[in-house]
Amino acid sequence: MNVFSHPEFDNHEQVSFVSDPETGLRAIIAIHNTSRGPALGGCRMFPYASDEEALRDVLRLSRGMTYKSALANLDLGGGKSVIIGDPRQHKTEAMLEAMGRCLEKLGGHYIAAEDSGTSVADLQVMARHTRHVAGITSRPGFDGAPSDGDPSPVTAYGVFVGLKAAVQHGLGRTDLTGLKVAIQGIGNVGYRLARHLKDAGAELWVYDIHQEQMDRAVAELGATPATAEEILLLPVDVVAPCAMGAILNDESIPKLQARVIAGAANNQLAEARHDRALQQRGILYAPDFVLNAGGIIDVAHERTDQDPTKVRAHVDAIADTLGEIFTRSQRDQRPTGEIADELAEERFRRAPRRSTATANKVASVG
Ligand code: NAD
């Protein structure tokens, strides 16, 4: 298996393959860039079909975290870890403890957080052996409600903030009353986004592969149920993808009727070129990694000031970053995703590279 010549390898600073035969742990930890600070990113557990698939995922996701944190103006770099295995079958406390010991050996260059296949409780088990985990402290949430470390409420609020900014720029309106929004995926983030939109007066269409999620949105939010085939293609103002990636592709883009795409799902563009395809159709795409940064912003504050008002102000600034992206995109007639990447690169490439000592000091805060 090639690493340096892997298509997803992007001059990652460190890629560690870790194993613990006694517990069955096999994991890959990728640190993409630490120019702005220690690499923080989720620890995912997934039954990858091959080591190659796991490597591809961790290389791609860790790079994404560098861009996301830089655009969110956080003093953090980008990293990610993947544990190879089915979380429902293979996850044990001993395995998580072994992962904690591996994280500790990296000395704080990488800090793990919750991700798909791992929970706050799992991270707390890892924390028995390392300080280098995040998103595990109970504290007042950004909205005043108690938070157990689940990033979804903050992520959903950030997506709402970003969606409003996109609507203002793309449709020239600040009042969401009667705004028609189709949401794909009514899970932790999608449902909360739907509630924000409902409270702001928007009209909702929803689709989720799980009927009970749909039923809840229909019963509690007055949403109109849609089918899998039609949810992205409805004659609405905004499509908010909140389920899975690669849904903006050669098949869907020519048929989209919405003028704005703004949702939480990671990697919505099937390929980078689809960014331009959307622009050519006059559809304003709010880059997903700008919109869904609320969770990482929250985790970053957990490690420093833990002040809910600061978290909220920081998440509100997603609108300013998007404004900068939209303005540049319009000025240069270039797609928004390309501009977002460029802006992130300006931010992390110009940051002075931190020494190990500095990174460790930052990592030990909290
Ligand atoms: P979730 O698992 O709680 O919700 C996803 C929902 O999508 C589920 O209800 C699921 O049934 C539904 N779904 C799955 N496949 C679908 C399909 N083909 N069509 C329609 N619905 C489908 O996840 P979440 O935490 O709400 O995250 C949603 C998206 O946002 C994911 O892409 C995630 O990576 C991204 N994201 C989440 C966070 C966070 O803080 N939770 C942060 C950043 C990005």
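When a ligand or atom number is given, it counts from 1 through the structure's own listing order. Hydrogens, waters and symmetry mates are skipped; everything else that's a heavy atom, side chains included, is used.
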Checklist entry - Any ion pair linking Asp122 and Lys91 (charged N to carboxylate O, less than 4.0 Å)? => result yes
Checklist entry - Does Glu114 reach the main-chain N or O of Ser119 with its side chain, forming a donor-acceptor pair under 3.5 Å? => result no
Checklist entry - Residues two or more places apart in sequence or in another chain: which of them pass ring pair (Phe, Tyr, Trp, His ring centres under 6.0 Å) with His129? => result none
Checklist entry - What distance separates Leu76 CG from Asn33 CG, expressed to the nearest 0.5 Å? => result 11.5 Å
Next on the checklist: Give me each pair satisfying ring-ring contact (aromatic ring centres under 6.0 Å, His included) with a member in residues 262-283, each pair once, sequence neighbours excluded.
Outcome noted: none
Output, or 'none' if empty, a list of ligand 1-protein atom pairs in which both atoms are N or O and the distance is under 3.5 Å, rounded to 0.1 Å.
from, atom 1, to, atom 2, distance (Å)
ligand 1, 3 (O), Asn188, N, 2.9
ligand 1, 3 (O), Asn188, ND2, 3.1
ligand 1, 9 (O), Asp208, OD1, 3.3
ligand 1, 9 (O), Asp208, OD2, 2.6
ligand 1, 9 (O), Gln213, NE2, 3.2
ligand 1, 11 (O), Asp208, OD1, 2.6
ligand 1, 11 (O), His210, ND1, 2.9
ligand 1, 26 (O), Asn188, N, 3.2
ligand 1, 26 (O), Val189, N, 2.8
ligand 1, 30 (O), Ala264, O, 3.3
ligand 1, 32 (O), Ala243, O, 3.2
ligand 1, 32 (O), Asn266, N, 3.4
ligand 1, 34 (O), Asn266, ND2, 3.0
ligand 1, 40 (O), Thr155, OG1, 2.7
ligand 1, 41 (N), Ser152, OG, 3.4

Which atom pairs, donor and acceptor, lie under 3.5 Å between side-chain atoms of residues 45-52 and protein residues at least two apart or in another chain?
from, atom 1, to, atom 2, distance (Å)
Tyr48, OH, Asp57, OD2, 2.5
Ser50, OG, Glu53, N, 3.1
Asp51, OD1, Arg26, NH1, 3.4
Glu52, OE2, His6, NE2, 3.1

